[in-house]
Amino acid sequence: MKNNDGTIIYVGKAKVLKNRVRSYFSGSHDGKTQRLVSEIRDFEYIVTGSNMEALILECNLIKKHHPRYNVLLKDDKSFPYIKITNERHPRLEVTRRVLKDKAKYFGPYPNAYAAHQTKKLLDRLYPLRKCSGTEGRACLYYHIGQCIGPCAREVSPEEYEAVTLKINQFLSGGQEEVRKELQRKMSEAAEELNFERAKEYRDQLQAIEAINEKQTINTADLKDRDVFGFAIDKGWMCVQILYIRQGKMVERHTTTFPFYGDAYGDFMSFITQYYSDNPALPKEILLPQANSSEWSVEEETEQSPTPRIVDPHAKALARPLFWSEEQLLAADEEDEGLDADAVVNDTASVDASTAGDSDEQMSSAEALQQWLNIKVRLPQRGLKKQMVRMAIDNARVTLEEKFKLLERDEERTSRAAERLGEALGIGNAQRIEAFDNSNIQGASPVSAMVCFIDGKPAKKEYRKFKVRTVEGPDDYETMREVIRRRYERVLKDGLELPDLIIVDGGKGQMSVALDVLENELGLDVPVCGLVKDEKHKTAQLLTGFPPVPVSLARDSQEFYLLHRIQEEVHRFAITFHRESRAKSMVTSTLDSIPGIGEKRRKMLLKHFGSLKKIREASVEEFRQVGIGDKLARTILSSLREEQAEVEQVTEHVSESEQFEE
């Protein structure tokens with residue numbers, strides 16, 4: 001789907017495209033979907049040969065075009081994995097990046113400490129190389145028995161294969177055999193009175209016990225599973241992933257984002273993107289049903305006057321669950337509806353009204369299973385259904401907590417603005433505008449204004465000012481010019497006046513602001529000054545004339561609001577100043593080169609994109625923009641000389657900038 005500019009704003013897939021497209025333009029939709037539909041001006045479609053091709057194509061198009069209304073996997077949280085590298089001399093390492101490099105990955109682990117402790121134990125049990133393997137002499141790890149020693153001797157591929165096989169077995173659930181072997185060796189060492197060796201075996205046993213500490217959920221089949229659940233409410237979706245490794249739940253991960261299209265379709269889009277960048281796959285994936293209402297918080301709220309609230313710590317996670325291998329095998333036999341093929345047989349008898357959803361669900365599950373080449377199950381009953389339900393319950397609780405926090409934050413920020421107004425004797429300070437100036441020893445002076453409405457930043461109301469009439473570092477006259485320009489514009493355009501104006505500074509800045517407002521513009525708007533301490537942090541608020549401090553508790557919400565305002569206006573001003581200084585440096589540098597006028601300067605910047613790329617270009621590249629070799633050499637020589645001078649004074653400028661800030 002494309003907007004008026006031809007920009008792709010949404011990518012979707014459907015077995016019956018006509019029905020899917022029609023659904024967007026008929027019936028009632030929430031505000032988010034209405035916004036999507038209002039921007040659609042054109043369609044483009046691609047016919048694929050299978051469901052799997054459609055799934056992969058959708059994923060690739062989303063990752064390429066980043067459509068505004070698609071679910072985008074932006075979450076940068078990554079879990080640690082243990083990796084056996086695919087090299088001539090393999091190594092064991094902990095990594096957060098899972099690449100398609102033919103290495104073996106095990107995980108994810110609950111945290112980096114657990115992964116490193118496991119690696120530390122494996123280094124003692126089954127040592128692989130630690131160094132580059134080409135030193136020509138034995139390393140320290142070799143002498144203490146934690147390196148196989150390719151730097152000191154020739155290690156055959158068979159020997160490596162035997163060690164990696166043992167590591168693979170250990171990380172795939174073979175700890176019990178290792179534990180029994182260590183217990184046997186510990187007993188033998190104790191009988192031989194070799195207590196130091198027995199203590200080493202005991203420490204290794206304790207390390208294994210710590211790594212395999214009993215988790216919340218246990219299954220005796222030792223199978224790696226990813227269990228997905230999701231919930232939707234008020235246009236938001238929360239996806240919860242339960243990571244079960246070697247039969248134990250080691251971690252849960254939550255991602256929350258707004259969605260605009262079909263809920264289950266966007267959920268499957270999220271899963272596709274998730275696995276496209278994560279080749280460390282489990283043995284099995286469990287997904288919720290498409291035609292189930294249990295993941296919709298809104299539907300349940302409508303059906304019941306007292307919606308069911310699940311506490312994941314009190315119910316879903318704190319309750320110990322142990323599922324035996326016999327139970328799971330029985331559940332597999334009972335839940336023949338888990339596999340994608342079986343879903344087709346079962347859903348036909350569920351409800352005729354959900355036949356379309358079931359068909360779409362079957363297509364997505366089939367395609368995902370075919371693409372990943374692992375089992376994708378949609379449990380309808382039994383123990384695996386309980387796992388999925390637990391993931392859904394946790395997703396529901398996460399969404400409920402999110403909206404409670406938003407409501408509480410809304411109330412807190414609004415109340416802070418009210419209390420600030422009461423402390424100043426002006427009523428409710430609903431709209432606050434704050435100003436700050438920025439320059440380096442008078443160079444490139446700028447000013448900025450931020451606006452807070454009901455205690456929250458209103459970024460569309462922010463304004464930037466390039467100082468026009470002030471020469472040198474004159475903060476008072478800069479404030480005078482900016483206040484005059486801002487409120488002349490407010491009067492001219494009939495804009496809303498603020499309830500409070502805050503200037504970054506003390507008596508001087510306040511006095512010039514009041515002088516402009518009262519004597520030049522005839523406005524009666526309260527003006528306050530924010531003073532910083534020696535650590536450049538918000539210290540106190542000044543009001544009145546002569547200015548007096550306002551008594552505000554340091555731990556109050558009002559003081560925290562002032563701190564946020566001061567930090568935000570300072571950030572906005574500094575950012576604008578750096579942008580302006582960078583542009584002026586580019587302009588002045590190019591303009592100072594003989595033979596470069598305004599036209600050629602613009603042409604160079606348009607072609608190369610930045611001063612850095614111009615500096616790094618070759619003489620031949622300048623010919624593409626009609627500049628001869630002689631002038632090109634002059635440009636490169638001038639820019640490189642300028643860069644060398646800049647590098648020499650960079651440290652001095654940085655210190656000056658920090659002082660001014």
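When a residue number appears, it is its place in the shown sequence, counting from 1.
The CZ atom of R463 sits 9.0 Å away from atom SG of C451, with the distance rounded to the nearest 0.5 Å. Taking CG of N394 as the reference point, atom CD1 of I241 lies at 12.5 Å (rounded to 0.5 Å). To the nearest 0.5 Å, atoms CZ (F259) and CG (N70) are separated by 13.0 Å. Between atom CD1 of residue I8 and atom CD1 of residue I62 there is a gap of 10.5 Å, rounded to the nearest 0.5 Å. Note that OH of Y560 is 12.0 Å distant from CG of L562, once rounded to the nearest 0.5 Å. Between the CD1 atom in I40 and the CE atom in M1 there is a gap of 4.5 Å [rounded to 0.5 Å].
Panel note: side chain S637, backbone T634; no donor-acceptor pair is recorded below 3.5 Å. For the pair S447 (side chain) and F465 (backbone), a donor-acceptor distance under 3.5 Å is absent. One N or O on the side chain of N3 and one on the backbone of D5 form a donor-acceptor pair closer than 3.5 Å. The backbone N or O of R571 lies less than 3.5 Å from a partner atom in the side chain of T575, making a donor-acceptor pair. With hydrogens and angles disregarded, no donor-acceptor distance shorter than 3.5 Å links the side chain of S556 to the backbone of L552. Remark: side-chain polar atoms of D436 are not paired, donor with acceptor, to backbone N or O of A573 under 3.5 angstrom.
Between R564 and E567, none of the side-chain N atoms (NZ, or NE/NH1/NH2) sits under 4.0 Å from a carboxylate O, so this pair counts as no salt bridge. Residues E621 and R623 are not paired through a salt bridge, judged by the lack of any N-O separation under 4.0 Å between the basic side chain and the carboxylate. Remark: E481 does not engage R484 in a salt bridge, criterion side-chain N to carboxylate O under 4.0 Å. E461 and R431 are joined by a salt bridge, as a carboxylate oxygen and a charged side-chain nitrogen come within less than 4.0 angstrom of each other. Salt bridge absent: E39 and K2 never bring a charged side-chain N and a carboxylate O closer than 4.0 Å. In this structure, E418 pairs ionically with R415, as a charged nitrogen and a carboxylate oxygen lie closer than 4.0 Å.
Pairing each heavy atom of Q240 with each of A391, the nearest pair is CB-O, 3.4 Å. Listed here is the closest heavy atom pair of V619 and A632: CG1-CB, 4.1 Å. Between V516 and R480 the shortest heavy-atom distance is CG2-CG, 3.5 Å. Residues V467 and R485 share a closest heavy-atom pair of CA-NH1, 4.3 Å. When every heavy atom of A417 is checked against every heavy atom of G455, the shortest pair comes out as CB-N, 4.1 Å. Looking at every heavy atom in both residues, L36 comes nearest to Y69 through CD1-CD1, 3.5 Å.
Contact check for K402 versus T398: no side-chain heavy atoms found under the 4.5 Å cut-off. Considering only heavy atoms from C-beta on, T254 comes within 4.5 Å of C238 through its side chain. Within the 4.5 Å cutoff, the side chain of T256 has no heavy atoms near those of the M237 side chain. Between E616 and F608 there is no side-chain heavy-atom pair separated by less than 4.5 Å. A heavy-atom distance below 4.5 Å is not found between the side chains of V450 and I432. Looking at heavy atoms from C-beta onward, D629 lies out of side-chain contact with F622 at the 4.5 angstrom threshold. Within the 4.5 Å cutoff, the side chain of K464 has heavy atoms near those of the F572 side chain. Contact check for M510 versus V503: side-chain heavy atoms found under the 4.5 Å cut-off.
Note on ring orientation: taking the six-membered ring where Trp is involved, the planes of F228 and Y274 are perpendicular (angle over 60°, cut-offs 30° and 60°).
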### Task
Evaluate the side chain to side chain contact (heavy atoms under 4.5 Å, CB included) criterion for residues C528 and L542: first the C-alpha distance (whole Å), next the side-chain angles of each, then the deciding distance (0.1 Å), finally the verdict.
CA-CA 5 Å; C528 291; L542 302 179; over 6 Å; no
### Message
Pair E93, Y81 - check side-chain hydrogen bond (donor to acceptor under 3.5 Å, both in side chains), show working.
### Response
CA-CA 8 Å; E93 60 184 35; Y81 291 80; over 6 Å; no
#### Entry: Worked verdict on I501 versus L517 for side chain to side chain contact (heavy atoms under 4.5 Å, CB included)
CA-CA 11 Å; I501 295 173; L517 291 168; 3.7 Å; yes
### Task
Apply the test side chain to side chain contact (heavy atoms under 4.5 Å, CB included) to residues V525 and Y487: give CA-CA distance (whole Å), side-chain angles for both, the deciding distance (0.1 Å), then the verdict.
CA-CA 11 Å; V525 181; Y487 294 105; over 6 Å; no
#### Entry: side chain to side chain contact (heavy atoms under 4.5 Å, CB included) between T255 and H253, worked out
CA-CA 7 Å; T255 305; H253 180 50; 3.7 Å; yes
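Using modelled atom types and a 3.5 Å distance limit, the side chains of Y462 and E568 yield a donor-acceptor pair. When only modelled atom types and interatomic distance are considered, D504 and Q509 share no side-chain donor-acceptor pair under 3.5 Å.
With F452 as the partner, the side chain to side chain contact (heavy atoms under 4.5 Å, CB included) test is satisfied by one option alone out of V569, L500, L561: L561.
Between F257 and F270, a ring centre-to-centre spacing shorter than 6.0 Å is recorded.
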